[in-house]
Protein chains: 2
Amino acid sequence: MVRTARFTEHDFIDATIALVAEGGPAAATMQAIARRVGAPTGSIYHRFDSRAAVLGMAWNTAYASLVRTLAPLLRDGRPREAALAILPWSREDGYRARFLLLNEPVSLFEDSPPPAPLRQALEQLEGELDAAFQACVAACGDGTACDEQLARAKFLIFDAPIAILRPYLSRGAPPPSFAERMIAELHCGMPIAGMRGGGRLPPNADARLP
Amino acid sequence: MVRTARFTEHDFIDATIALVAEGGPAAATMQAIARRVGAPTGSIYHRFDSRAAVLGMAWNTAYASLVRTLAPLLRDGRPREAALAILPWSREDGYRARFLLLNEPVSLFEDSPPPAPLRQALEQLEGELDAAFQACVAACGDGTACDEQLARAKFLIFDAPIAILRPYLSRGAPPPSFAERMIAELHCGMPIAGMRGGGRLPPNADARLP
DNA sequence: CACGTTCTAAAATAACTATTCTAATTGGCA
DNA sequence: TGCCAATTAGAATAGTTATTTTAGAACGTG
């Protein structure tokens, strides 16, 4: 390398995530991304093949950070901790959380799909998360991991905590203090497999705000 | 009226909902809507002020159909029936369900917000649903409807059933037969207010596919 | 049977988009 | 010092979009 780069690949990805989080997928035009970074559009095309590649990279980056947070806990057979980890993950970076949890891939990649290597990388991540779920169900349950048990686990650990956060993400407000309690209680009433967490309700289920 | 209209307002709204459901918000261009209906673009502008007005009308229509399904049950103090009603509602019209449940308003109205009358109508609908939730919490609980109880009710009755359906809506697959059971079980383990539904698990919680 | 309003029809416009292209810089290394 | 690949810089291009405009067709009414 002979000329030092003024911008990094990550600058463009961060700008893309922020723009989509703020104004939806169509707000992330190549010009808007460049303007936010302070670079000319040519510098984006020097690093990425196309807009679909930028969006794909952004999606994979955000998805990977969530998988890295959840998968180890799942493989350890700790579904409750995994579910509770989504809240701090979303607080860690509000843009990233809004980008990943408030957008469907079909809306993000409507113009053209991401290039093949990115699609493969995403499938790999999805496979990793899926395997972690299966391992968790096997560890917690009675061994027979049928479709229903897997769907139950994904709902209780993944989709339900996200559904608790979504209304607040959507209106850009911080999640309330009782969100954590709501997530925790999910893992007492509804069975994943044989596991039931313990009591019917946590001891402090009726406590008010701490 | 002197010349009979070949198309109705509803034709354009239906086409818009279908297009967004299939390919995301950006797929619903004025030309694509016109082509799907078999009309020229001028016929859209004869009925709607702008693209934002078409999308806004489509959103309000879909939202209203869901509110009309849920609100009466909530006002009757039947949260469990309301939660279970979302599944048949989504089966009734897959396009409408995908359109409403898989898109955030911020993504749909990113270019320009809907005109004021439509925004007001939507606020009215949101207010109606909110009031129905409050009435339901008041009817089922001990009267003190704090923020947390309301958030719990909205999650158990609205967001959680949607979260159960979302993965299937997203990949265009029909929801599995156990989806209904999962929704029903939510209303046994986690309290909305004082109400707890009855047993800890429904009698047939361990039954396999019927 | 004309009239006038409502609607269809499609071409024209102006703005915006992703992408490409051509120069101009940069800064370590020979 | 002077060279040269990597990078910046931004103008140019081709295509698409929402919207407007202009013209023509339909049909109940008087």
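Straight-line distance from the CZ atom of A/R6 to the C1' atom of D/dA9: 10 Å, rounded to whole Å. The interatomic distance linking B/I44 (CD1) with C/dA10 (C1') rounds to 13 Å, in whole Å. To the nearest angstrom, P of D/dT8 lies 12 Å from CZ of A/F48. Spacing between atom OH of B/Y45 and atom P of D/dA18 amounts to 6 Å, rounded to whole angstrom units. When rounded to the nearest whole Å, the span between NE2 of B/H46 and P of D/dA26 equals 16 Å. The separation between B/R51 atom CZ and C/dA15 atom C1' is 15 Å, rounded to whole Å. Across the protein-nucleic acid pair, A/M30 atom CE and C/dT20 atom C1' stand 12 Å apart, rounded to whole Å. Remark: C1' of D/dA9 and CZ of A/R35 are 16 Å apart, rounded to the nearest angstrom.
With a 6.0 Å cutoff to the six-membered ring centre and a 45° limit on the axis angle, A/R171 counts as a cation-pi contact of A/Y168.
In this model, no donor atom of one side chain and acceptor atom of the other lie less than 3.5 Å apart for A/T41 and A/Q31.
Taking the side chain of A/R3 as heavy atoms from C-beta on, and the options C/dT20, C/dT25, C/dA9, the nearest nucleotide is C/dT25. Each of C/dG27, D/dT8, D/dC27 was ranked by its minimum atom distance to the side chain of B/T4; first place goes to D/dC27.
OP1 and OP2 of C/dC7 both lie 4.0 Å or more from every side-chain N or O belonging to B/S43.
In terms of heavy-atom proximity, A/A82 sits nearest to A/I157 at CB-CG2, 3.7 Å.
Nearest-nucleotide assignment on DNA chain C puts the 5′-proximal partner with B/F7, out of B/F7 and B/T41.
Heavy atoms from other residues, nucleotides or ligands lying under 6.0 Å from CG of A/D49 number 12 at most.
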